[in-house]
Amino acid sequence: MSGSSEPFVSPGGPGVGSANPFPPHPGPPVNPFAAPAGPGPYPQDSHVPPPPIAPDGPGQVPYGYPGGGYGYPGAAPQGYYGWPGMQPLPSNGMGTAGLVLGILSALVFCLWPLAIVLGVLGVIFGAIGRAKARRGVATNPGQALAGIICGAVGIALGIGMVVLLVVT
């Protein structure tokens with residue numbers, strides 16, 4: 001300090017830049033949470049903008065209004081479960097069952113009667129699953145094919161076990 005009576009002295013010396021950089025605000029204090037004064041930028045002087053409209057139109061008519069409900073003429077359901085455009089779920093059960101039965105038949109080939117029965121069922125369910133996948137009803141053609149292959153291997157191992165038991 002250079003012996004000045006001011007508590008803070010700017011580097012340029014006393015009197016240079018000693019003005020308050022934050023002058024007091026003139027007038028009454030402003031509430032930052034108050035609604036804006038004057039007309040708003042939106043129609044009808046509202047303070048909230050209108051909701052946006054979807055690109056494909058304003059939306060579906062609510063249930064119970066004429067022309068849009070199920071109890072009115074000309075309003076037929078267009079999908080499943082009451083929602084328009086709802087697609088059915090894929091029916092992947094046959095292909096999955098064929099895969100599981102085919103794997104089980106290949107694993108339990110020592111129990112040859114069970115292995116042959118499980119293998120035949122695995123091949124049948126796998127073929128049905130492949131047909132459903134070909135029609136577009138199911139989405140797992142690979143699982144169904146694996147069921148056919150594993151079922152055939154299980155049948156072959158079961159028959160091989162029978163041959164081994166008969167020969168020895």
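When a residue number appears, it is its place in the shown sequence, counting from 1.
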Visitor: Which pairs, with at least one residue in residues 129-139 and sequence neighbours excluded, count as a side-chain hydrogen bond (donor to acceptor under 3.5 Å, both in side chains)?
Guide: Ser91-Lys132, Asn92-Thr139
Visitor: Pairs under 3.5 angstrom only: tabulate donor-acceptor contacts from the side chains of residues 104-119 to other protein residues two or more places apart or in another chain.
Guide:
| residue | atom | partner | partner atom | Å |
| --- | --- | --- | --- | --- |
| Ser105 | OG | Leu101 | O | 3.4 |
| Ser105 | OG | Gly102 | O | 2.8 |

Visitor: Could you give the distance from CG (Leu99) to CE (Met94), rounded to the nearest 0.5 Å?
Guide: 14.5 Å
Visitor: Which atom pairs, donor and acceptor, lie under 3.5 Å between side-chain atoms of residues 143-166 and protein residues at least two apart or in another chain?
Guide:
| residue | atom | partner | partner atom | Å |
| --- | --- | --- | --- | --- |
| Gln143 | OE1 | Thr96 | OG1 | 3.0 |
| Gln143 | OE1 | Asn140 | ND2 | 2.9 |

